[in-house]
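Read through the structure below, which is laid out as structure tokens, and then see the notes.
Read the numbers this way: they start at 1 and go in the same order the structure lists the ligands and their atoms.
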Amino acid sequence: MTNQTVVSLRGVTRRYESAAPPALDHVTVEVQAGEAVAVMGPSGSGKSTMLNLIAGVDRADSGAVEVAGEDLGRLSEAELARFRRGRIGVIFQFFHLLDDMTVRDNVLLPAQLAGGSKPAARARAAELLESLGIADKADAYPARLSGGQRQRVAVARALMNRPALLLADEPTGAVDARTGEQVVELLRELNQSGQTLVVVTHDAEVARHCATRLITLRDGRVEAGALR
Ligand code: ADP
Ligand code: MG
């Protein structure tokens, strides 16, 4: 592990039910700054479990989880919440936007939760909406947007606090093929401008287009593979 290591899982096991096999079974994985790692594997192989552990929304039963310089197992719940707000951006299959807030307010939300300067947050939100090509939608409500536009809002929100790590769980799973291609292209551009990225997908095309490395899970274990 170096200071360029953004994610380090060492011998991580997560077992939801004592009678069932573990969802993750002694998984060891590292992600370096600037990488775009695709996590693939059949349904039930442990992809979301791994993402949740990295995001700090779930805890390992054993092994070490270090993300962005923090040993997550040593953080209290309050410290974990602060870590998630400040260091991690997540985009979900179904966007998880708040429908009764405008696009701008959805994007501003992580900054408000983190505290800090309001003018700086508004400037950052405006810059993100501009760079994602949805500046003209700032005052619209998510229900009025297309799937691709909603996913762009979700990406802007995820990037609001300049996360060390952007996580995506099936980011193209709920949009049509053409929109999916745009989301993948966006992720690729973000990575090329330096954003470290971990993308869970069951779609090999998504992995091939936006990832620099592939991790395959099967029955909670890693089968390593190379891309490109
Ligand atoms: P994937 O995202 O690859 O489809 P998951 O990480 O969601 O896989 O699930 C891995 C395994 O853990 C599966 O067998 C799943 O049924 C089980 N599992 C996931 N979440 C829970 C939970 N909250 N409670 C019990 N079992 C779970
Ligand atoms: Mg999943």
_Presence of N, O or S from S48 under 2.8 Å of the Mg ion (ligand 2)_ = yes
*Beyond-backbone contact of R104 with D139, side-chain heavy atoms, under 4.5 angstrom*: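 In short, these two side chains touch, coming nearer than 4.5 Å.
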*Kindly indicate whether atom 25 (C) of ligand 1 is approached by any protein heavy atom to under 4.0 angstrom.*
yes
_Quiz question for you: does at least one protein heavy atom lie closer than 4.0 Å to atom 16 (O) of ligand 1?_
no
Please list the nearest protein heavy atom to [atom] with its residue and the distance rounded to 0.1 Å.
atom	value
atom 5 (P) of ligand 1	T49 OG1, 3.7 Å
atom 7 (O) of ligand 1	S48 CB, 3.8 Å
atom 27 (C) of ligand 1	Y16 CD1, 3.2 Å
atom 10 (C) of ligand 1	G44 O, 3.4 Å
atom 8 (O) of ligand 1	G46 N, 3.3 Å

*For residues P42 and R218, report the shortest heavy-atom separation together with the two atoms involved.*
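Of all heavy-atom pairs spanning P42 and R218, the closest is CG-NH1, 3.9 Å.
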Atoms of ligand 1, numbered as shown, that sit under 4.0 Å from any heavy atom of [X]:
X	answer
P42	3 (O)
E17	25 (C)
A23	10 (C), 11 (C), 12 (O)

*Roughly how far, to the nearest 0.5 Å, is OH of Y141 from CG of L97?*
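Interatomic distance, L97 CG to Y141 OH, rounded to 0.5 Å: 13.5 Å.
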*Does ligand 1 have an atom under 4.0 Å from some heavy atom of G41?*
no
Does the pair [X]/[Y] count as a salt bridge with the N-to-O cut at 4.0 Å?
X	Y	value
E77	R59	yes
R124	E127	yes
E181	R178	no
K47	E170	no

_From R221, R15, R14, residue fulfilling side-chain hydrogen bond (donor to acceptor under 3.5 Å, both in side chains) relative to D25_ =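 It is R221; the other options fail the test.
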